[in-house]
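Heads up, the thing below is written out as structure tokens.
Protein chains get the first letters and strands the later ones, always in sequence-line order, with residue 1 at the start of each. As a basis for the values below, the full set of heavy atoms in this structure was taken, side chains included, without hydrogen atoms, waters or symmetry mates.
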Amino acid sequence: MGASAAEAVAALHRLLPREFYARSSVDVARDLLGKILVSESDEGPATATIVETEAYGGPDDLASHARAGLTKRTAPMFGPPGHAYVYLVYGMHECLNVVTEEDGRAGAVLLRAGHPLTGIDLMRRRRARPGDPDGRLAAGPARLAQALAVTRADNGHDLTLGRRLWVADPGLPSAAAIEAGPRIGISYAGAEWAGRPWRFWLRGEPAASRP
DNA sequence: ATAGGGATTCTC
DNA sequence: AGAATCCCTATT
């Protein structure tokens, strides 16, 4: 194995510590851009650079699942940071969040898009959509989860363990500029909350949403 | 017990 | 623009 390949493997084990997640959702959402989402499954490993995120707050955020307070579904959002919160939306799509904020305070970041790095053949097999360019195999929150084989079975999983599913720091700062805009699909929350620029993405990234 | 609706994606 | 499709949450 060459030096650069060895470095790439080492980077996958540079785990983000729990303190990274124990901050405001907006800060975590912004700082997750350029980090690497790693998944290991029976089919093999797959990785993608996180290129689009959305921040969600607690009961005061009318766009957040936590707006109803602590319920069975949203319990992970109120739990310790650095865990996964996976939910089913529209009866068919699963979406992956990372839990933020201190234990007891609700918050999460929805991972909306990834740029495939490795395991691209796996992602293509999972999505099975002919004509998709490699760069868009993990475009969209439901497609990102599917490409990395994330399901509700991963709900509550500790992302700081470095097994099955975690986030790694590539070590190098992302070259791309960060852009911000309103969150998607939350018009029910009213203008004040729907208008907040809590969606972040890397400029020019082909996998980012184009609303 | 039941009704209303959704942090999406694909097709027409 | 409209469908697909399950489960959460609130209400009766």
Side-chain angles (χ1 to χ4, degrees), chain A residues 21 24-30 32-33 37 48 50-79 81 83-101 105-114 116 123-157 159 167 179-201 205-211:
Chain A
Y21 302 99
S24 79
S25 294
V26 170
D27 285 347
V28 175
R30 206 169 24 223
L32 275 174
L33 296 177
L37 181 62
I50 298 168
V51 298
E52 185 184 12
T53 60
E54 271 177 0
Y56 286 90
D60 54 320
D61 179 3
L62 297 185
S64 173
H65 287 170
R67 64 187 178 276
L70 199 166
T71 64
K72 183 175 180 181
R73 178 173 70 147
T74 64
M77 287 188 71
F78 289 80
H83 290 246
Y85 165 48
V86 184
Y87 65 89
L88 180 73
V89 69
Y90 296 119
M92 62 195 89
H93 300 301
E94 287 162 311
C95 297
L96 169 64
N97 297 251
V98 302
V99 174
T100 61
E101 307 278 3
R105 185 184 174 99
V109 171
L110 172 65
L111 304 187
R112 288 196 58 92
M123 298 187 195
R124 190 167 288 287
R125 205 175 311 153
R126 287 164 177 158
R127 289 254 51 254
R129 192 177 152 198
D132 250 347
D134 285 357
R136 288 189 56 80
L137 289 174
R143 305 179 72 198
L144 170 63
Q146 195 173 9
L148 296 195
V150 175
T151 71
R152 281 166 289 175
D154 297 302
N155 192 32
H157 175 74
L159 298 169
V167 186
E179 304 214 62
R183 293 173 290 181
I184 293 177
I186 54 155
S187 55
Y188 58 81
E192 180 185 341
W193 288 97
R196 296 202 179 197
W198 284 6
R199 181 168 65 95
F200 303 93
W201 68 95
E205 172 51 51
S209 301
R210 313 164 186 176

- Message: For a quick test of reading the model: is some side-chain N or O of R152(A) closer than 4.0 Å to OP1 or OP2 of dC7(C)?
- Response: yes
- Message: Going 5' to 3' along DNA chain B, between which two nucleotides do contacts with chain A fall, using a heavy-atom cut-off of 4.0 Å?
- Response: dG6(B) to dC10(B)
- Expressed in angstrom and rounded to an integer, what is the separation of H65(A) atom NE2 from dA10(C) atom C1'? 16 Å
- Query: Should we say atom CZ of R67(A) is surrounded by more than 12 heavy atoms from elsewhere, each under 6.0 Å from it?
  - Reply: yes
- Does any non-hydrogen side-chain atom of I186(A) lie less than 4.5 Å from one of Y56(A)? yes
- Message: Does any part of the side chain of E94(A), heavy atoms only, come nearer than 4.5 Å to the side chain of R152(A), both counted from C-beta?
- Response: yes
- Please report, rounded to the nearest Å, how far the P atom of dC8(C) is from the OH atom of Y188(A). 16 Å
- Looking for any heavy atom pair under 4.0 Å, which part of the strands does A108(A) touch: base, sugar-phosphate only, or nothing? nothing
- Query: Would you say the side chain of R124(A) lies within less than 4.5 Å of the side chain of D134(A), judging by non-hydrogen atoms?
  - Reply: yes
- With the side chain counted from C-beta on, respond yes when N155(A) and Y85(A) share a heavy-atom pair under 4.5 Å apart, and no when they do not. yes
- Side chain proximity check, R112(A) to L144(A), heavy atoms < 4.5 angstrom: no
- Message: Distance check needed: dT9(C) C1' versus L88(A) CG, whole Å only.
- Response: 15 Å
- Once you round it to whole Å, what is the distance between C1' of dT5(C) and NE2 of H93(A)? 9 Å
- Item | G-U wobble or Watson-Crick pairing nucleotide for dT8(B) (cut-off 3.5 Å, both distances) | dA4(C)
- Query: Taking CD from E94(A) and C1' from dC8(C), how many angstroms apart are they, rounded to a whole number?
  - Reply: 15 Å
- Query: If you look at every strand shown and take non-hydrogen atoms under 4.0 Å, does L110(A) touch a base, only sugar-phosphate, or nothing?
  - Reply: base
- Atom P, compared across dT2(B) and dT5(C): separation rounded to whole Å: 23 Å
- Message: Rounding to an integer number of Å, can you tell me how far Y90(A) OH sits from dC8(C) C1'?
- Response: 14 Å
- Message: What I'd like to find out is whether the side chain of S25(A) reaches to under 4.5 Å of the side chain of T100(A), using heavy atoms alone.
- Response: yes
- Base, sugar-phosphate, or nothing for R73(A), non-hydrogen atoms under 4.0 angstrom? sugar-phosphate
